[in-house]
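Along the sequence shown, the residues carry numbers beginning at 1.
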Amino acid sequence: MKRIKDMVAEANDKVSHAPADVMQVLHGQEGVTFVDLRDPRELEREGMIPGAFHCPRGMLEFWIDPESPYAKPQFQQDHKFVFYCASGWRSALSALAAQDMGLENVTHISDGFTGWKKAGAPVAEKSAKQG
């Protein structure tokens with residue numbers, strides 16, 4: 001059986017990533033989209049990065065594929081995409097999936113939203129308009 005830790009390590013060998021204290025400099029920059037992959041309950045409980053686009057992990061591939069009936073315009077832009085989850089595991093796997101699908105300029109926050117909060121970066125409540 002392949003273990004999740006091994007899958008995350010393999011993904012991190014293939015995709016760009018950095019901890020939240022480094023990724024903070026990208027927040028608010030033109031052409032950068034932060035993508036929150038967490039479950040809606042996590043967002044309601046803990047908040048999210050201000051201005052982030054919410055994409056539940058289970059919908060990622062469907063929302064990226066421009067030929068999917070579920071395709072989202074956010075993923076059709078020529079942006080840098082910064083994926084994050086709670087601790088960096090889901091975002092590592094997601095970044096690899098997105099990269100494999102041809103989405104260019106993808107990275108992820110290796111210590112996730114937990115690292116973001118620990119770094120003292122801004123946090124916003126999830127509003128009805130987000131996600």
Of the non-hydrogen atoms in [X] and [Y], which two are nearest, and what is the gap between them?
X: Asn12; Y: Ala92; value: OD1-CB, 3.7 Å
X: Cys85; Y: Gly88; value: SG-N, 3.1 Å
X: Ser91; Y: Leu37; value: CA-CD1, 3.7 Å
X: Phe83; Y: Ala95; value: CD2-N, 3.6 Å
X: Cys55; Y: Leu60; value: SG-CA, 3.6 Å
X: Asp21; Y: Gln24; value: CA-NE2, 3.5 Å

Report yes if the side chains of [X] and [Y] come closer than 4.5 Å at any heavy-atom pair, otherwise no.
X: Val106; Y: Val15; answer: no
X: Val32; Y: Phe34; answer: yes
X: Thr107; Y: Met23; answer: yes
X: His54; Y: Pro40; answer: yes
X: Ser16; Y: Gln99; answer: no
X: Glu46; Y: Arg38; answer: yes

- Stepwise side chain to side chain contact (heavy atoms under 4.5 Å, CB included) test for Ser94 and His108: CA-CA 9 Å; Ser94 297; His108 84 98; over 6 Å; no
Look up atom [atom1] in [X] and atom [atom2] in [Y], then write down how far apart they are to the nearest 0.5 Å.
X: Glu10; Y: Leu96; atom1: CD; atom2: CG; answer: 9.0 Å
X: Phe81; Y: Ile64; atom1: CZ; atom2: CD1; answer: 8.0 Å
X: Lys14; Y: Asp100; atom1: NZ; atom2: CG; answer: 7.0 Å

- Tell me whether Val22 is reachable from Val35 by hopping between hydrophobic residues (I, L, V, M, F, W, Y) whose side-chain heavy atoms are closer than 4.5 Å. no
- Are Trp89 and Ile109 connected in the hydrophobic side-chain network, where two residues link if heavy atoms are under 4.5 Å apart? no
- Walk me through it: do Gln74 and His79 pass the test side chain to side chain contact (heavy atoms under 4.5 Å, CB included)? CA-CA 9 Å; Gln74 288 85 346; His79 277 204; over 6 Å; no
- Task: Can you establish whether the number of heavy atoms outside Asp13 located under 6.0 Å from its atom CG is more than 12?
- Result: yes
Has [X] got a side-chain atom pairing as donor or acceptor with [Y]'s backbone, closer than 3.5 angstrom?
X: Asp111; Y: Pro19; value: no
X: Ser110; Y: Ala18; value: yes
X: Tyr84; Y: Ile49; value: yes
X: Thr114; Y: Ala86; value: yes
X: Glu104; Y: Lys80; value: no
X: Trp63; Y: Ser68; value: no

- Task: Check the pair Lys72 / Phe62 against side chain to side chain contact (heavy atoms under 4.5 Å, CB included), numbers first and verdict last.
- Result: CA-CA 8 Å; Lys72 293 289 186 183; Phe62 298 99; over 6 Å; no
- Query: Can Phe53 and Phe75 be said to form a ring-ring contact (aromatic ring centres under 6.0 Å, His included), step by step?
  - Reply: CA-CA 10 Å; Phe53 172 65; Phe75 289 116; 5.6 Å; yes
